[in-house]
Amino acid sequence: MKKHIKIISFSCYLLFSIILIVLFGVGVFDSFELRFEDAIYQSPSAINKNIVVVGLDEKSFNEYGDFNLWSRDKIADLINKLSANPDTKPALIGIDVGFYSYKEEGYTSPIDQKFVASVENAGNVILNCAASSESEVTIDTTFMGMTKKITLVEEPFPELKDACLSFGHCNFGSDRDRVIRNAYGDITFNNNVYHSFAYELYKNFTGKEQDFGKTNYKYYIKYSGLPGDYYACSIVDVLNGEYPIEAFADKIVLIGAYATGTQDNYYTSISTSKQMYGVEIHANVLNQLIEGKKVIKANTLISCIIIFVLLFAVILIYSFINNKLAYFAPLGLDIFYCLIAFIIFKVANIILPLAIPIIGVIVLGVVHIIVNLVYEMQEKKKLIDSYSKYLPRDVAKKIANSSEDIFNLGGVKKDIAVLFVDIRGFTTLSESLDPEEIVDMLNKYLAVTTKAIFDNEGTVDKFIGDATMGLFNAPLDLDNYVYKAVLCGLDMCHNMKSLETELADNLKGRVGFGVGINCGDAVIGNIGTSFRMDYTAIGDTVNTASRLEGIAKAGEVIVSEEVYQRTKDLIEYVDLGKVKLKGKAEEVQIYRAIERIEQWKRYWLLLVVV
């Protein structure tokens, strides 16, 4: 590829890379990238058997009616039943339902009092609170990051707040596609720090602290279970004695909404086809905290740098490797990057971007292929235009599309037919003409000879003054090439008559063609040096054809014995006997071609012979 084409290609690749990175940086590809990461990085693993969910589900709604009428009363009964026997008592009870106000005006409702008493007596209940912001909290998609101003934190009503062991916020971080991939750590409001609901459960269950769970923004959730994996039973099953209390001993029991109408169900990165309830998302986050699986997700700036490095690596490969192996660079680089990204994730729990780097490299490869195809098409068109000056255009296209370099420096021996034609008496004629008239006559003459050669699928080898040299069966193989060479000579003599109508009056009747044709082995190829060469044919076959043309009179097509033997059944000839040719030690038998034998005449001659 020429230097200026390389510069243009490099600029195109670089521009494409910059555009892709900018679009990625502003979040245009977020949804696609995130979904791709979900498919690669999220997969179910062994769930924590110490975490179970008791659902406030459709069964309980059918059994007890309106949730707002029975929730506090029945949850109080559930707490009392779970805590009644110290041997079967859960380690912790987490309630993922917001009780931020009294059921009635003031702390007067017997149900509120019953609920507070059950929580206080159990001593192991953790409740939730909810933070609200000026706008919906979403994942960071910019270089500089973003924060949301918290405007309100709703806590359990005072008596309940005092009775519980602890409480934490229940907020999650949803992305632009409304998928839950991140959990929020600490939230600060009015100088108060609120840990997350899952973190409070973790801290009280293990007695330990976990730094990434207390981050002041968010952290990536590594789900262990699919929707339904942590679900144990309905609250109805426990209260009716249908589910054994012993199954909850020393475990973390999470109580929360588990019905579609509660509007607490979300799509998650482990399941974008089936929604998961909020209480079960908390169960997954809690398990992640217990296992200490801190997952670090590369931020936008780091991701953009990674994409640029990958794309620039491909650009360098395309710039310095010119063979076809370069076409496989995107695939190889993508496989290598995916392998590295997977190893880093498994070893260090670091998530690197996947979709856009991979697709970006592939698209860059496609751009490279397109650029090369356009370049090759342009170069091929130049070759075809160049070859068409001395070859029929169809032949020129075949040569340009051929994978073989038939015009290599050097030659090959090949059986060909060679035709020479020139104007009889041109030297004498030119003495009586002006230069402009000579050029005009030559151009018209050469147009006739060239068209005849092309019409019969030959190659114009060269113009030698007023002479034209044509080759048949070179450079490409040609069927019936000797026959077509003779037809070409006959066409030239025939077309000379029509040419006379275009000549000036003083030239009419004074211009005629003499044609000589021979066939046999010749050396064909590019003859010359690497900086100056000429595609031609050399050898005795060529010399003989030239000598035959020299003795041909105006309007005659003279052929050798070999041409006659190969075409005598197709062309009508007149035997001219043997003649002495210049440069030949012995006389040579020659013939004059008259016309093509039509098929009906061939059949007639055959019958006569029989």
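FYI, side chains are in, hydrogens and waters are out, and symmetry mates aren't considered; it's all heavy atoms of this structure. Model, not experiment: these values are computed from the prediction.
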Asker: Distance-only, no hydrogens or angles: does the Glu200 side chain make a donor-acceptor pair with backbone N or O of His195 under 3.5 Å?
Answerer: no
Asker: Angle class for the Phe67/Trp70 ring planes (parallel below 30°, perpendicular above 60°, tilted otherwise)?
Answerer: perpendicular
Asker: Would you check if the side chain of Lys103 reaches a backbone N or O of Pro110 as a donor-acceptor pair within less than 3.5 Å?
Answerer: no
Asker: Any donor-acceptor pair under 3.5 Å linking the side chain of Lys89 with the backbone of Ala122?
Answerer: yes
Asker: Which residue in the set Lys293, Glu37, Gln42 passes side chain to side chain donor-acceptor pair (under 3.5 Å) when paired with Tyr220?
Answerer: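 So, applying the side chain to side chain donor-acceptor pair (under 3.5 Å) to Tyr220 and each of Lys293, Glu37, Gln42, only Gln42 qualifies.
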Asker: If we ignore hydrogens and angles and just use 3.5 Å, is the side chain of Asn171 paired with the main-chain N or O of Ala131 as donor and acceptor?
Answerer: yes
Asker: For the residue pair Ser174 and Ile180, what are the closest heavy atoms and their distance?
Answerer: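 Looking at all heavy atoms of both residues, the closest pair is CB-CD1, 3.7 Å.
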Asker: Between Asn48 (side chain only) and Asn50 (backbone N and O only), is there a donor and an acceptor less than 3.5 Å apart?
Answerer: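 Pair found, side chain donor or acceptor close to backbone of Asn50.
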Asker: Donor-acceptor pair, Asn240 side chain versus Glu242 backbone, under 3.5 Å?
Answerer: no
Asker: Are the charged groups of Arg181 and Asp38 less than 4.0 angstrom apart, N to O?
Answerer: yes
Asker: CG/Asp186 to NE2/His169 distance, rounded to the nearest 0.5 angstrom?
Answerer: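 Going from the CG atom of Asp186 to the NE2 atom of His169 covers 6.5 Å.
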Asker: Please tell me whether Tyr100 and Asn128 have a donor and an acceptor in their side chains that are separated by less than 3.5 angstrom.
Answerer: yes
Asker: With respect to Tyr277, which candidate in Phe172, Tyr258, Tyr231 satisfies the ring pair (Phe, Tyr, Trp, His ring centres under 6.0 Å) definition?
Answerer: Tyr258
Asker: Centroid-to-centroid, Phe197 to His282, below 6.0 Å?
Answerer: yes
Asker: Any donor-acceptor pair under 3.5 Å linking the side chain of Asp175 with the backbone of Ser31?
Answerer: no
Asker: Can you check side chain to side chain donor-acceptor pair (under 3.5 Å) on Asn62 and Tyr64, steps first, answer last?
Answerer: CA-CA 6 Å; Asn62 294 332; Tyr64 304 129; over 6 Å; no
